[in-house]
Amino acid sequence: MRALPSRPAGPTYRVEFDRALKDAAIAGLIALGLFLPLIGLRTTQDIRNELTLETRWPLLFTMVGLVIAGSLINSFVITPWRAYRQEKPRTPSTAAAQFRHEFLRYFIPLAIGFVAVYPMLSLWLAGMQGSVKWVDNFGIQILIYVMLGLGLNIVVGLAGLLDLGYVAFYAVGAYSFALLAEHFGLSFFTLLPLAGILATFWGVLLGFPVLRLRGDYLAIVTLAFGEIIRLVLINWVPVTNGYAGISGIPRPTFFGIPFNASDEGFAATFGIPFHPVHRAIFLYYIILALVLLTALVTVRLRRLPIGRAWEALREDEIACRSLGINTTNTKLTAFAIGAMFGGFAGSFFAARQGFISPESFTFHESATIVAIVVLGGMGSQIGVAIAAVAMIGGTEILRELDFLKALFGNEFDPTQYRMLLFGLGMVMIMVWKPRGLIGTRQPSVVLAERKAISGTLVKEGRG
Amino acid sequence: MTEPLLAVRGVETYYGSICALKGVDLEVHEGEIVTLIGANGAGKSTLMMTIFANPRARKGRIVFAGQDITQLPTHEIARIRIAQSPEGRRIFARMTVLENLQMGAIAAGMDENDAQLTRVLDLFPRLAERLSQRGGTLSGGEQQMLAIARALMSQPRLLLLDEPSLGLAPLVAQQIFAIVRELNQHHHLTVFLVEQNAFHALKLAHRGYVMVNGVITMSGSGRDLLERPEVRSAYLEGGRQH
Ligand SMILES: Nc1ncnc2c1ncn2[C@@H]1O[C@H](COP(=O)(O)OP(=O)(O)OP(=O)(O)O)[C@@H](O)[C@H]1O
Ligand SMILES: [Mg+2]
């Protein structure tokens, strides 16, 4: 398979056929040696508590076959392709920038259009029953993480403060919502801002002591903060009900009309048959609105002095101070605003689930959100959104891959390979796009006129 | 004699328990270029940063335009029209030239200042051609120009420059010095210049100070210092041609 595009000039990479076969054979042998005890043989305890040895030859040979195939693909496709890429003269960067510009210009409206009609699309394609899953498990779930990603993006991506305990603010938002709803009977739309304010408050509270820290130290302290909040939620039983969590959280209503099967319910009021998908769609649009709000606020903030200061802070703290930026306040605002969006997401989460417990707020959540921000490209909002779709959507898709059971036997559960695939995906992205999916930063000011930029003719940037 | 624009009186600065400045006295008058030379590790950058209260002087006073600024926080010092181009330039690498410049104006508590931008870009036509280029992709000389231009955006009365010729080819360093002279002569900017390049710095400056191990050992007019044998042997021999 010498499908290399031949080029007229310059040295061209040649696949060495023998070498490739030899590599594949060696890789296969190593894999066989490793997998024989790991996969080929398996001990099981039977009813009499005796160990029996079981052989799994088909699985073993499938795996070894995969390794050999991988080696061959590497020799015949990936290496030549990379060699080709290296030889290829670099395209002028202006053309690439032009393309990026065009891409972003059309991509954002298209993407927003798509998410706006997504529930309808799903209703049309999957019907009412199927749509509950597609709107709730996919749409809402992904959007919650987009929201969290956008919030953390302010702290990590823009201000450059690595916060590994972001889940704390998510938890504060969720529990504030749940407790205030339980004790004061306030409605969703009153509680949402309240929960946001409480999370902001906690953001400032955490911000104060950690302001002097940087880099690794900051990361560890915020990590600890996330754990402390979770432990408090577990152990402060009289208030938080501990592990058992809080249930019966009121659901959002449609201007006072609940989404249930009663006579006052949404379906009855509008004279349509009751279906759970109504609520799912309503929730979907709430979180979509929240996400768009977050994105919009971030875009605006980036153009204000405070947003510029965040980005400058990420680049060079000493320069910032000598330019007159109050770095303390700048960091605090980043923390507080990031926390506020985390709080919004948390209260939405509580309202959607109707039940929360400390288990929803583990370090794993923080890590996922940080991963979304990093994969997205530290600071890029579109990148964050794409990364959230890939990571959260990917996880959900794994649940759908039932057909793999036919291939690997009935015990095979694709979701158990989630972390493995995550890891693989991340390594691949970091190899190919080390700065994240959207790695180049968009300037927050662009020149209104590009043509005449001589000293005296310079026009002020357009905000 | 009139009140100096900047007066440093008996300043002592410590890094932990290490004493980096052991009682420094120094004055900069309105309209002057004053240079501070000294070997590596003498404490020149420390003095520069101490004027900006980062680190803060443990003893002594720093007075700017009649106001004691020793206890002011760093970001407020930058707002009373002292600007600094710190050692190593420290431009914002991922931001464009225009954004870098605007940071200089915004941070000093001013609006994005159109007129000042035009003035600064007139001084640095090289930057004017590169407004949408990212700071990190500029050449070393251009980065230094950007660092100075950024500091100028806040319309300072006093500009502190820490080793603007660092890592630059002699010709480019000359250009930078020429700009400093122009700023001083035509824009009435007072400049306090820290330099390794003693020959050019002393030629450029009205007055100079020599610092050794955290104390000022010599001072005088630039020409006067250039003639002194101690200065020649310690800072000029070999480096004299450039
Ligand atoms: N952050 C710091 N912590 C501890 N010691 C420091 C720190 N910064 C500087 N020093 C020490 O203070 C002394 C003076 O350093 P400074 O940077 O002021 O020297 P300098 O005159 O600017 O030298 P150069 O010409 O090499 O830039 C040195 O001994 C240095 O090691
Ligand atoms: Mg120095």
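Every chain is numbered from 1, with letters handed out A, B, ... down the list of sequences.
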Chemist: Should the pair A:Lys331-A:Glu317 be classified as a salt bridge under the 4.0 Å nitrogen-to-oxygen rule?
Modeler: yes

Chemist: Heavy-atom cut-off 4.5 Å, strictly under: side chain, backbone, both or neither for B:Phe52 against chain A?
Modeler: side chain

Chemist: Check each atom of B:Arg134 against the heavy atoms of chain A and say whether the ones under 4.5 Å are side chain, backbone, both or neither.
Modeler: side chain

Chemist: Just wondering, are more than 12 heavy atoms of other shown residues or ligands nearer than 6.0 Å to OH in B:Tyr15?
Modeler: yes

Chemist: Tell me, for B:Ala93 versus chain A, whether the close heavy atoms (under 4.5 Å) come from the side chain, the backbone, both or neither.
Modeler: both

Chemist: Count the heavy-atom pairs under 4.5 Å between each of B:Ile77, B:Thr74, B:Ile82, B:Asn100 and chain A, then report the option with the highest count.
Modeler: B:Thr74

Chemist: Evaluate the criterion side chain to side chain donor-acceptor pair (under 3.5 Å) for residue pair B:Glu32 and B:Thr190; output intermediate values, then yes/no.
Modeler: CA-CA 5 Å; B:Glu32 274 188 318; B:Thr190 310; over 6 Å; no

Chemist: In plain terms, say whether B:Arg90 and A:Asp316 are close enough for a salt bridge, that is, a side-chain N and a carboxylate O under 4.0 Å apart.
Modeler: yes

